[in-house]
Amino acid sequence: MRLSRAYIPTLKEVPNDAVVASHILMLRAAMIRPVGAGIYSVLPLGYRVMKKVTEIIREEMDAIGGQEFHLPALNPKEIWEETGRVEAFGDILFQIKNRDYVLAPTHEEIMTYHARRTVQSYKDMPQIWYQIQTKFRNEPRPKSGVLRGRQFLMKDSYSFDSSPEGLDASYELHDKAYRRIFERCGLKFFIVGASSGAMGGSGSEEFMVASEAGEDTVAHCEKCGYAANVEVAASNVTTLPRYEEEKACYDISTPGVKSIDELCEFLKINETECAKSRVYITEKGPVLVLMQGNDEVNETKLEKAVGVAVRPGHPDELKEITGADAGSIGPVGFKGRIIADNLLLDRNMLFSGANKNDYHTGGIDLKRDVNDIEYADLRIVESGESCTKCGAPLGVFKAIELGHIFKLGTKYSESMKALFLDEHGAEKPIIMGSYGIGVERVMACYIEQNHDENGIIWNKLLAPYQIHLIGLNMKKPHLAEAALKLYDQMKRLGFDVLFDDREDAQAGFKFKDADLLGMPVQIIVGEKKLAVGQVEVKIRKTGERMDAELVNLDKEFLNKLLEKADE
RNA sequence: CGGAACGUAGCGCAGCCCGGUAGCGCACUACCUUGGGGUGGUAGGGGUCGCGGGUUCAAAUCCCGCCGUUCCGACCA
């Protein structure tokens with residue numbers, strides 16, 4: 001493609017509304033343009049990348065026996081009512097105003113609809129059906145460019161099996177396919193496994209990419225691969241022993257002391273000697289939560305431990321329940337359920353609030369002074385704590401969910417009556433699996449992981465063009481001619497070439513654009529080198545430059561360059 | 001849906017507090033110049049100041065309402 005004729009409107013300035021790197025660069029590199037909140041047009045350059053990603057997905061899905069469908073986005077509302085998901089999705093589901101249709105946010109219903117009509121015997125299975133199509137979700141808050149949109153491209157596949165073992169096999173196939181897909185796309189990813197998923201069901205894995213732009217916070221062990229959402233993640237932390245010394249509880253005047261930090265400073269004690277109090281409200285009444293020092297309460301773990309939904313108490317509720325404001329609340333004399341983090345198990349000589357303002361209590365022995373105390377793991381894991389599986393330090397960071405595979409079971413086949421006859425003639429619901437990949441997220445994550453201050457750095461598989469040919473000073477006929485000849489020659493050899501043949505752009509301008517667009521290899525035709533039959537080659541990723549003889553620019557040489565650019 | 005900010009030329013912004021007929025940089029058009037990391041110059045084109053209402057002799061500017069976009073939070077099959 002000649003740049004002088006291409007629609008590649010790059011931006012030299014950072015668009016005001018973009019914050020995360022991938023969003024900024026996709027706009028600047030003319031891959032996408034916004035149309036509304038969470039709605040983007042994909043421009044030709046972006047679409048070339050999108051097609052490369054979907055082609056990789058297609059190849060790997062076909063390799064595990066997947067069969068591609070093309071399904072309607074417009075779904076009859078009634079099949080969504082069969083599964084109860086009109087209600088479950090709520091406002092997220094786009095509904096058509098002048099027909100009883102919904103815009104599909106996913107395709108379990110449609111796929112199950114087809115399965116129930118035609119998959120009638122165990123002999124018809126296994127099946128793996130997939131599609132790569134646009135999904136619609138009325139996100140309350142679209143953000144981060146293409147990472148959370150109201151309309152997005154998703155590969156979703158569904159497996160249909162007659163036995164749990166069959167489902168396991170289909171699931172395994174997807175697991176392997178997904179690993180290959182993300183590896184081929186050049187992403188550094190990790191997997192959050194079944195035990196930690198909040199999805200329910202009998203098994204699931206989330207394929208994640210570490211990124212500040214992510215919406216989930218995860219704990220990950222580089223060494224053994226353990227990964228879990230921080231909502232459920234555990235780490236090795238040891239409970240401190242009881243003190244030999246025993247004291248009765250005593251109140252201490254602590255005027256103005258609110259936080260654990262202030263308390264430690266005031267009393268010259270260590271954080272670990274403090275029991276921090278947080279009051280949560282549940283439908284079954286208030287619960288006092290005790291944490292060691294400044295550990296933060298993990299509300300997901302708390303809800304699991306108490307068995308009902310919790311919310312932090314309002315300031316006036318705290319006062320009414322405990323008689324004190326936040327900062328002076330403690331377990332001694334607290335009337336109601338008390339649950340403490342495991343790190344406080346049977347500890348003594350602790351400091352906590354006295355349930356009257358400006359006073360704290362010392363010498364607390366949870367065993368002696370607090371009746372009916374319960375213990376549970378309530379902490380949020382922190383970076384650097386050791387992995388429960390292998391002991392190596394855990395990293396805690398934000399991450400983006402790229403893909404999700406999980407064993408659905410019979411939820412949809414039961415509600416939609418997708419039944420089959422087994423070997424013994426018994427009627428059973430089809431056992432399903434559901435597997436998704438966000439295509440734009442793959443693109444955005446790649447850019448999040450592969451860019452520098454100048455722009456995107458594509459690898460040879462995803463790059464919209466493999467080679468960016470720059471003709472400097474195209475007003476000089478002999479140079480323009482040589483550049484054009486090289487362009488034609490490389491195209492003839494089968495390479496995708498973007499040729500900057502603009503006459504009115506300065507050298508520096510072209511270099512900046514080339515770095516922004518990020519093709520793996522740049523070939524620069526300039527006067528001085530051309531005079532001795534050479535061009536300059538630049539590897540985008542490393543910035544490495546070298547001279548090459550024009551006559552040597554054959555298929556083998558160029559392929560070697562592309563290999564080198566990917567290292 | 002709670003909290004905050006913003007909306008002025010294609011993009012990035014100033015002007016608003018203190019009302020008086022809209023400006024800067026980039027981009028764009030023409031010509032000259034330059035030609036290996038965003039050349040320099042001359043001359044131009046382009047804006048119902050998000051929308052609606054109000055106050056006023058007069059509103060980008062003050063007041064009210066709405067819409068849109070972004071950020072933080074809630075939410076996230």
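A, B, ... follow the sequence lines: proteins, then strands. Residue 1 opens every chain. Nothing here was measured: the structure is a model prediction, and the numbers come from that model.
- Counting to the nearest Å, the P atom of C72(B) and the CZ atom of R148(A) are 12 Å from each other.
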Expected rows: protein N/O vs nucleotides 22-27 of chain B N/O, under 3.5 Å:
{"from": "G25(B)", "atom 1": "N2", "to": "E13(A)", "atom 2": "OE1", "distance (Å)": "2.8"}

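- Residues in residues 6-35 of chain A take part in these ring-ring contact (aromatic ring centres under 6.0 Å, His included) pairs, two or more places apart or across chains: H23(A)-Y40(A).
- In this structure, the NZ atom of K529(A) is 15 Å from the C1' atom of G35(B), given to the nearest Å.
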| said: Does E82(A) form a side chain to side chain donor-acceptor pair (under 3.5 Å) with S415(A)? I'd like the steps, not just the answer. | reply: CA-CA 6 Å; E82(A) 285 181 42; S415(A) 59; over 6 Å; no
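- Residue pairs that meet the side chain to side chain donor-acceptor pair (under 3.5 Å) test with at least one member in residues 510-524 of chain A, sequence neighbours left out, are T10(A)-D513(A), K12(A)-D513(A), R502(A)-D513(A), D515(A)-Q522(A), D515(A)-K538(A).
- For the pair E299(A) CD and G73(B) P, the computed distance is 14 Å after rounding to whole Å.
- Pairs of residues two or more places apart, or lying in two chains, that qualify as salt bridge (charged side-chain N to carboxylate O under 4.0 Å, His left out) and include a residue from residues 296-306 of chain A are K276(A)-E296(A), K301(A)-D377(A).
- Comparing atom distances between the K143(A) side chain and each of C71(B), G36(B), U33(B) picks out C71(B) as nearest.
- Using a 4.0 Å heavy-atom cutoff across all strands shown, L472(A) reaches at least one base atom of the nucleic acid.
- Considering only residues two or more places apart in sequence or on other chains, R150(A) meets the salt bridge (Lys or Arg N to Asp or Glu O under 4.0 Å) condition with none of them.
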| request: Sugar-phosphate means primed atoms, P, OP1 and OP2; the rest is base. With that split, encode nucleotides 1-7 of chain B 5' to 3' as B, S or - using protein heavy atoms under 4.0 Å. | output: -------
